[in-house]
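This report concerns only the one structure given below.
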Amino acid sequence: MTKVAAIVGPTAVGKTASSIQIARDLDGEVISGDSMQVYKGLDIGTAKIMPDEMQGIPHHLINIRQADEHFSVADFQDLANRQINEIAGRGRLPLIVGGTGFYVQALVDNLNLGSNGNAEDPAIRKKWEDYGHAYGKQALWNKLQSLDSEATAKIPVNNVRRVVRALEVISVTGQPFSQQPQHDNENQFYLIGLTTDRKVLYQRINQRVDLMVKNGLVEEARQLWDAGGPNWQSGKGIGYHELFPYFAGQCSLNEAINKIKLDSRHYAKRQLTWFRNKMNVHWYDLVSGKDSTKEIEVDLKNWLKK
RNA sequence: GGAGGGGUAGCGAAGUCUGGCUAAACGCGAUGGACCGUAAAUCCAUUCCUUCGGGUUCGGUGGUUCGAAUCCACUCCCCUCCA
């Protein structure tokens, strides 16, 4: 049993900044819990921490994939767990920092993903996607229902993505999606949630996007575009995919930038929904000054002593 | 001063000719939510007020009518063009 701390929250609340302070004060190492910062070359748009900002704190799971590579929750879960063990083995505190709720949850709840072998198969996925294209999403959903009506009860017809995934799991594992085995949790987590007034958060997001553009976001996105990014998973990232239509001459730069801001705000909202409802988070508002990093550290230390 | 065009819910925008089926399409935004291997993905719900019985709306006022966002009169504001 290992004790792990995690800092979660929406984009632009200041997770990175406080993570450094906490890691320093509590002798921790950071494990990024971010689905986009794993990619090399996506620095500005993902607000990735740069080496000169790390203050000597080791950071893991950043820049571990090429931009054209695939990465999944299971990969994350696997790698993160490995890091947790190594860091704990060094006698230091593993500190997960990131906004990808699904990733963090996979870790915290030890979701059954990576343990039973390779349950992901692009060819089979493609097969179901094609099936959907050919016969429609209703037919696709019906197919799932005939195989796993329990899964179908939870996945809407319109959510083709998840219907396909459920079908894929059945095809690959031979077991219904809804009956994949579950594990118990081995590690203990203290979840620090950073949040603030919604209006303020949105302002920060807008400002940060402007800053990103100033720092060369457009050029960075252009490189991704030139390299073939639109077809890659990394090309789905906010801050990048909104710029592609601009490169294609389909919208103005200004429109693209506004879209980045909007998508970021929507994203922040979804993140908040996730952390509010799916996890046992201890919330702090550092932005307004209502709470302080000191308080977080005190709470964290108390929890570590238990 | 003259000639046209327009004012509809947070915003944009239908509906007006052919009055009722319209608390008023649709889009956006906003808010809430789902989420078990693409998750910065994908999807869902709500959005005039409401004590959920109902109440009050389509610039304003007054008419016509069983009934008006829709027809008539007057009036206020906005835009374009001509002076």
Side-chain angles (χ1 to χ4, degrees), chain A residues 10-12 32-39 42 45-48 65 68-80 98-122 124-126 128-129 132 137 141 148 150-151 153-173 175-183 198-199 202 205 209 212 221 229 231-243 255 258-279:
Chain A
T11 15
S32 165
D34 187 297
S35 65
M36 284 294 152
Q37 293 189 3
V38 297
Y39 290 112
L42 309 209
T46 63
K48 194 184 288 169
R65 288 285 128 109
D68 64 346
E69 289 183 294
H70 177 256
F71 192 72
S72 73
V73 214
D75 294 330
F76 170 78
Q77 192 183 37
D78 202 43
L79 295 171
T100 305
F102 190 23
Y103 282 19
V104 178
Q105 199 201 355
L107 216 53
V108 173
D109 292 347
N110 197 27
L111 298 178
N112 172 59
L113 301 168
S115 51
N116 63 343
N118 184 16
E120 191 175 32
D121 188 325
I124 287 176
R125 180 180 297 174
K126 178 81 168 41
W128 288 118
E129 281 169 351
K137 48 192 171 187
W141 188 86
D148 184 356
E150 217 176 302
K154 292 170 74 176
I155 306 176
V157 180
N158 284 334
N159 202 335
V160 177
R161 173 80 127 241
R162 291 187 52 219
V163 173
V164 166
R165 161 81 301 232
L167 250 10
E168 180 189 353
V169 169
I170 296 168
S171 299
V172 176
T173 67
Q175 276 183 80
F177 187 56
S178 58
Q179 273 157 38
Q180 297 294 314
Q182 292 310 311
H183 296 161
R198 188 67 61 89
K199 279 235 172 62
Y202 283 2
I205 287 172
V209 171
M212 284 176 175
N231 299 316
W232 305 336
Q233 192 176 325
S234 61
K236 290 274 174 26
I238 295 170
Y240 301 95
H241 78 257
E242 297 90 345
L243 245 15
E255 286 170 327
N258 283 331
K259 187 71 174 20
I260 293 174
K261 291 176 181 172
L262 180 64
D263 286 352
S264 299
R265 279 182 255 131
H266 285 341
Y267 174 47
K269 195 170 159 305
R270 264 178 285 130
Q271 288 176 301
L272 251 7
T273 297
W274 188 291
F275 295 124
R276 270 193 306 226
N277 300 299
K278 301 200 77 109
M279 316 185 96

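A note on names: the letters A, B, ... follow the listed sequences, proteins ahead of strands, and every chain is numbered from 1.
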Length of the CD1-C1' vector between A:Ile155 and B:C43, whole Å: 10 Å
B:C82 and B:G63, which share atom name C1', separated by this distance in whole Å: 35 Å
Out of B:C35, B:U31, B:U38, whichever nucleotide has its closest atom nearest the side chain of A:Arg198: B:U31
N/O donor-acceptor pair under 3.5 Å between A:Glu129 side chain and A:Val164 backbone: no
Under-4.0 Å side-chain N/O to phosphate OP1/OP2 contact, A:Tyr202 with B:U31: yes
Nearest-angstrom distance from the residue atom CZ of A:Phe275 to C1' of B:C35: 13 Å
Main-chain N/O of A:Met279 paired to A:Gln105 side chain as donor or acceptor, under 3.5 Å: no
N/O (side chain, A:Arg125) to phosphate O (OP1/OP2, B:U38) under 4.0 Å: yes
Pairwise C1' distance for B:A23 and B:A9, with rounding to whole Å: 9 Å
Gap in Å between the two P atoms, one belonging to B:G62 and one to B:U70, rounded: 14 Å
A:Asn277 side-chain N/O to B:A34 phosphate OP1/OP2 under 4.0 Å: yes
Polar side-chain atom of A:Glu168 near backbone of A:Asp121 as donor-acceptor pair, under 3.5 Å: yes
Partners meeting ring pair (Phe, Tyr, Trp, His ring centres under 6.0 Å) with A:Trp128 (sequence neighbours left out): A:Tyr131
Whether A:Tyr39 side chain and A:Glu69 backbone form a donor-acceptor pair below 3.5 Å: yes
Whole-Å P distance, B:A13 and B:A73: 27 Å
Out of B:G32, B:A39, B:A40, whichever nucleotide has its closest atom nearest the side chain of A:Lys269: B:G32
Short side-chain N/O contact from A:Gln37 to OP1 or OP2 of B:A40, under 4.0 Å: no
Of A:Asn158, A:Ile155, A:Val157, the residue whose pairing with A:Val163 passes side-chain contact (heavy atoms from CB on, under 4.5 Å): A:Ile155
Nucleotide forming a Watson-Crick or wobble pair with B:C26, both distances under 3.5 Å: B:G12
Report all interatomic pairs (protein N or O, nucleotide N or O of nucleotides 26-29 of chain B) with separations under 3.5 Å.
none

A:Arg276 vs B:G32: side-chain N/O to OP1/OP2 distance below 4.0 Å: yes
Base partner of B:C81, which must satisfy Watson-Crick or wobble distances under 3.5 Å: B:G2
Side-chain N,O (A:Arg162) to OP1/OP2 (B:C36) below 4.0 Å: yes
Polar side-chain contact A:Asn159-B:A34 base: donor and acceptor under 3.5 Å: no
Residue whose closest nucleotide on RNA chain B lies nearer the 5' end, A:Gly101 versus A:Asp75: A:Asp75
Rounded interatomic separation in angstrom, taking OH from A:Tyr267 and P from B:C35: 17 Å
Integer-rounded Å distance: B:C35 P and A:Arg270 CZ: 15 Å
side-chain N/O A:Ser72 vs B:U38 OP1/OP2, d < 4.0 Å: no
Nearest-Å distance for atom pair NE2/P, residues A:His241 and B:A39: 14 Å
Sole candidate of A:Lys259, A:Lys261, A:His266, A:Arg265 that passes side chain to side chain donor-acceptor pair (under 3.5 Å) when paired with A:Asp263: A:Lys259
A:Asn158 CG - B:C44 P separation (whole Å): 5 Å
Rounded P spacing from B:C26 to B:U22 in Å: 12 Å
Euclidean distance, atom CG of residue A:Leu107 to atom P of B:G37 [Å, nearest integer]: 16 Å
Phosphate contact (B:G33 OP1 or OP2) by A:Thr273 side-chain N/O below 4.0 Å: yes
Spacing of the P atoms in B:A25 and B:G59 (rounded, Å): 16 Å
Gap in Å between the two C1' atoms, one belonging to B:C58 and one to B:G6, rounded: 14 Å
Phosphate contact (B:C35 OP1 or OP2) by A:Lys278 side-chain N/O below 4.0 Å: yes
Pairwise C1' distance for B:G19 and B:U80, with rounding to whole Å: 32 Å
Sugar-phosphate only, base, or nothing, as touched by A:Ser264 at under 4.0 Å among non-hydrogen atoms: nothing
Nearest-neighbour nucleotide for the A:Ser35 side chain, B:A39, B:U42, B:G32 considered: B:A39
d(CG, A:Leu111; C1', B:G37) in whole Å: 10 Å
Donor-acceptor contact below 3.5 Å, side chain A:His241 vs main chain A:Lys236: yes
Polar side-chain atom of A:Tyr103 near backbone of A:Ser35 as donor-acceptor pair, under 3.5 Å: no
Point-to-point distance, once rounded to the nearest 0.5 Å, from CG of A:Asn110 to CD of A:Gln77: 6.0 Å
Options B:A40, B:A39, B:U38, nucleotide nearest the side-chain atoms of A:Glu120: B:U38
Phosphate contact (B:A40 OP1 or OP2) by A:Tyr240 side-chain N/O below 4.0 Å: no
